[in-house]
Trainee: 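Got a structure here, written out as structure tokens. Questions coming.
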Amino acid sequence: MRPHVFVNAAMSADGKLSTYERRQVKISGPADFRRVDRLRAGADGVMVGIGTVLADDPSLTVKDPALVASREVDGRGPQPARIVVDSHARIPLDAAVLHRGDGLRVVAVSEAAPGEKRAALEEFATVVVAGRDRVDLALLLERLYSLGIRRLMVEGGGTLIAGLAKAGLVDELYVYVGNMIIGGSTAPTLADGDGLSAAEPFVRLALASVTPCEEGVLLHWRVEKRE
Ligand code: NAP
């Protein structure tokens, strides 16, 4: 069993998540920020790849105090679990995600992660070992399910999104398309990694809704089940 997985990301009109220097860009505005906060508040866990932690140092916490309070009223704890996919335990011990906000933190590593760093991380997080050299995402999701995570929000970046999509582990996709062109052939896109070849089945999506929002548009896609 695995959690229901939904991805949320913001990209420029040309499909970039950030600049070629991997610098965070403000692609959407306050209305979209509130939508993302509500999505977070409705999730049991929020997950990112280590590339995003190293580039942006996000806390991944729910910001609106009313949403935090309503989680507590529902007995779900003030914050969703925060999960970082990090095969070699590269996460800095002072990363915001390990310190800001209450609740469960999970660092998912592979067997190749150095034992000393794993031990140091255990002071701040639950360390889950899944996979030999790289995190085995299917196994990780099973482990997260056994930790009680039923709705998992994935906030990027493009390498992690691609890994999950390729493995058939994404159910829904929310993409905010902002009114800018960032450009750059090496700038992160919505789905990076190695990509799929023409000989492989692509990940097919069904359009659930299109909603104009501020100066851009929110696309909601459902991922079609594979045969
Ligand atoms: P990422 O997707 O956050 O993390 C990728 C890393 O995850 C991999 O390099 C790999 O590192 C680890 N990983 C472990 N197992 C994996 C697996 N099975 N499949 C895939 N990845 C696995 O990093 P990124 O692609 O470099 O994206 C970071 C950029 O995206 C930043 O510039 C950030 O600003 C941007 N971003 C933008 C948004 C947005 O909505 N606009 C959201 C998030 C991030 P190891 O091998 O070391 O484990």
Side-chain angles (χ1 to χ4, degrees), residues 2 5-29 32-33 35-37 39-40 46-60 82-92 95-97 106-114 117-118 121 127-144 152-170 173-196 203 213 216 218-219:
R2 69 162 176 87
V5 175
F6 59 99
V7 168
N8 183 81
M11 67 180 194
S12 57
D14 57 325
K16 308 297 182 192
L17 298 188
S18 64
T19 67
Y20 68 88
E21 310 114 304
R22 308 188 106 67
R23 286 259 173 80
Q24 201 171 18
V25 179
K26 204 169 163 297
I27 294 173
S28 66
D32 190 60
F33 181 87
R35 177 192 65 83
V36 175
D37 211 31
L39 271 184
R40 273 188 195 162
V46 178
M47 185 161 93
V48 293
I50 182 63
T52 297
V53 171
L54 295 176
D56 303 345
D57 194 24
S59 69
L60 305 174
R82 269 74 53 70
I83 302 130
V84 181
V85 181
D86 181 15
S87 311
H88 301 98
R90 291 188 287 147
I91 185 169
V97 72
V106 174
V107 179
V109 302
S110 71
E111 289 165 24
K117 181 70 179 285
R118 263 150 73 169
L121 280 171
V127 177
V128 169
V129 183
R132 188 174 287 182
D133 298 316
R134 202 167 204 220
V135 174
D136 177 331
L137 297 173
L139 185 57
L140 169 62
L141 293 199
E142 281 176 29
R143 299 271 168 79
L144 295 179
L152 178 65
M153 178 172 179
V154 176
E155 294 208 34
T159 308
L160 179 62
I161 294 170
L164 287 164
K166 205 170 168 178
L169 298 172
V170 178
L173 188 60
Y174 295 88
V175 185
Y176 182 86
V177 185
N179 61 331
M180 65 184 73
I181 289 175
I182 296 176
S185 56
T186 59
T189 72
L190 186 64
D192 289 325
D194 296 334
L196 289 157
V203 178
C213 177
L218 176 68
L219 303 175

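Reckoned from all heavy atoms, side chains included, excluding hydrogens, waters and symmetry mates. Position 1 is the first residue of the sequence; numbering continues from there. Indexing begins at 1, ligand by ligand and atom by atom, following the structure's order.
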Trainee: For Met11, is at least one N or O under 3.5 Å away from an N or O on ligand 1?
Mentor: no
Trainee: Only heavy atoms of Val85, strictly under 4.0 Å: list the atoms of ligand 1 that pass.
Mentor: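 Close to Val85: 7 (O), 12 (C), 13 (N), 14 (C), 15 (N).
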Trainee: Starting from atom 10 (C) of ligand 1, find the nearest protein heavy-atom neighbour and note its residue, name and distance.
Mentor: Arg134 NH2, 3.7 Å
Trainee: Just to confirm my output: which protein heavy-atom neighbour is closest to atom 20 (C) of ligand 1, and how far is it?
Mentor: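 Of the protein heavy atoms, Thr159 O, 3.5 Å lies nearest.
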Trainee: Backbone or side chain, does any N or O of Gln24 fall under 3.5 Å from an N or O of ligand 1?
Mentor: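 Looking only at distances, the answer is no, because the N/O contact criterion of under 3.5 Å is not met.
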Trainee: Give the residue, atom name and distance (to 0.1 Å) of the protein heavy atom nearest atom 33 (C) of ligand 1.
Mentor: Asp56 OD2, 3.3 Å
Trainee: Rounded to the nearest 0.5 Å, how far does OG1 of Thr159 lie from CD1 of Ile50?
Mentor: 12.0 Å
Trainee: Measure from the side-chain N and O atoms of Asp136 to the backbone N and O of Ala130, and report whether any donor-acceptor pair falls under 3.5 Å.
Mentor: no
Trainee: Under a 4.0 Å heavy-atom limit, does Ile50 contact ligand 1 with its side chain, its backbone, both, or neither?
Mentor: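 It is both parts that get close, each with some atom under 4.0 Å.
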Trainee: Mind checking whether Leu137 has an N or O less than 3.5 Å away from an N or O of ligand 1?
Mentor: no
Trainee: Which residue supplies the protein heavy atom nearest to atom 14 (C) of ligand 1, what is that atom called, and how far is it?
Mentor: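 That would be Ser87 OG, 3.1 Å.
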Trainee: Kindly say whether Arg134 contributes a backbone atom to a donor-acceptor pair with the side chain of Ser87 at under 3.5 angstrom?
Mentor: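 Side chain of Ser87 to backbone of Arg134, a donor-acceptor pair under 3.5 Å: no, none is there.
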Trainee: Using modelled atom types only, decide if a donor and an acceptor are shared between the side chain of Tyr176 and the backbone of Gly216 within a distance under 3.5 Å.
Mentor: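 Yes, because the side chain of Tyr176 sits within donor-acceptor range (under 3.5 Å) of the backbone of Gly216.
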Trainee: Is there at least one pair of N or O atoms, one from Pro188 and one from ligand 1, spaced under 3.5 Å apart?
Mentor: no
Trainee: Identify, for atom 42 (C) of ligand 1, the protein heavy atom at the shortest distance, and state residue, atom and that distance.
Mentor: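 Atom 42 (C) of ligand 1 sits closest to the protein heavy atom Glu155 O, 3.0 Å.
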Trainee: List ligand 1 atoms under 4.0 Å from Ala9, heavy atoms only on the residue side.
Mentor: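 Answer for ligand 1: 40 (O).
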Trainee: So how far is it from Leu140 CG to Leu137 CG, rounded to the nearest 0.5 Å?
Mentor: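 That separation rounds to 6.5 Å.
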Trainee: Against heavy atoms of Gly156, which atoms of ligand 1 measure under 4.0 Å?
Mentor: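 Atoms satisfying the 4.0 Å criterion: 3 (O), 43 (C).
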Trainee: If you look at every heavy atom in Ala96 and Pro58, which pair is closest and at what distance?
Mentor: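 Scanning both residues completely, I find the closest heavy atoms to be CB-O, 3.9 Å.
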Trainee: Report yes if Arg23 has an N/O atom closer than 3.5 Å to an N/O atom of ligand 1; otherwise report no.
Mentor: no
Trainee: I'd like to know if the side chain of Arg90 reaches the main chain of Gly51, judged simply by a donor and an acceptor atom lying under 3.5 Å from each other, with no hydrogens or angles considered.
Mentor: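 No.
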Trainee: Consider every N or O of Arg22 and every N or O of ligand 1, then say whether any pair is closer than 3.5 Å.
Mentor: yes
Trainee: Are any of the N/O atoms in Arg90 less than 3.5 Å from those in ligand 1?
Mentor: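 Such a contact does occur with ligand 1.
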Trainee: Please state which protein non-hydrogen atom is closest to atom 4 (O) of ligand 1 and give its distance, to 0.1 Å?
Mentor: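 Nearest protein contact, heavy atoms only, for atom 4 (O) of ligand 1 is Gly51 N, 3.1 Å.
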Trainee: So is Val48 touching ligand 1 or not, going by heavy atoms under 4.0 Å?
Mentor: no
Trainee: So, Asp32 side chain and Gly29 main chain: donor-acceptor pair closer than 3.5 Å or not?
Mentor: no
Trainee: Pick, from Ser18, Ala113, Ala108, Ser12, the option with the minimum heavy-atom distance to atom 32 (O) of ligand 1.
Mentor: Ser18
Trainee: Would you find a donor on one side and an acceptor on the other, under 3.5 Å apart, between the side chain of Ser18 and the backbone of Val25?
Mentor: no
Trainee: Could an N or O of ligand 1 be found under 3.5 Å from any N or O of Ala55, whether backbone or side chain?
Mentor: no
Trainee: Could you give the distance from CD1 (Ile161) to CD (Glu155), rounded to the nearest 0.5 Å?
Mentor: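 CD of Glu155 is found 9.5 Å from CD1 of Ile161.
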Trainee: Within the 4.0 Å heavy-atom shell around Gly158, which atoms of ligand 1 are there?
Mentor: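 Those atoms are 2 (O), 25 (O), 27 (O).
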Trainee: Mind checking whether Asp86 has an N or O less than 3.5 Å away from an N or O of ligand 1?
Mentor: no
Trainee: If we ignore hydrogens and angles and just use 3.5 Å, is the side chain of Lys16 paired with the main-chain N or O of Ile181 as donor and acceptor?
Mentor: no
Trainee: Go through ligand 1 atom by atom and flag the ones less than 4.0 Å from a non-hydrogen atom of His88.
Mentor: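 Listed by number with element: 47 (O).
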Trainee: Identify the closest protein heavy atom to atom 28 (C) of ligand 1: which residue and atom is it, and at what distance?
Mentor: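 Of the protein heavy atoms, Thr52 OG1, 3.6 Å lies nearest.
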Trainee: Could you measure the distance from the CD atom of Glu111 to the CZ atom of Arg118? Nearest 0.5 Å is fine.
Mentor: 7.5 Å
Trainee: Which distance, rounded to the nearest 0.5 Å, do you find between the OG of Ser12 and the CG of Leu17?
Mentor: 8.0 Å
Trainee: Tell me, which protein residue and heavy-atom name are nearest atom 39 (C) of ligand 1, and how many Å apart are they?
Mentor: Ala10 O, 3.4 Å
Trainee: Can you tell me how far CD1 of Ile27 sits from CD1 of Ile182, rounded to the nearest 0.5 angstrom?
Mentor: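 Result: 4.5 Å between the selected atoms.
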Trainee: Please determine, by modelled atom types, if Arg40 and Asn8 share a side-chain donor-acceptor pair under 3.5 angstrom.
Mentor: no
Trainee: Looking only at distance, does Leu160 have an N or O less than 3.5 Å from an N or O of ligand 1?
Mentor: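 N/O-N/O distance under 3.5 Å: yes.
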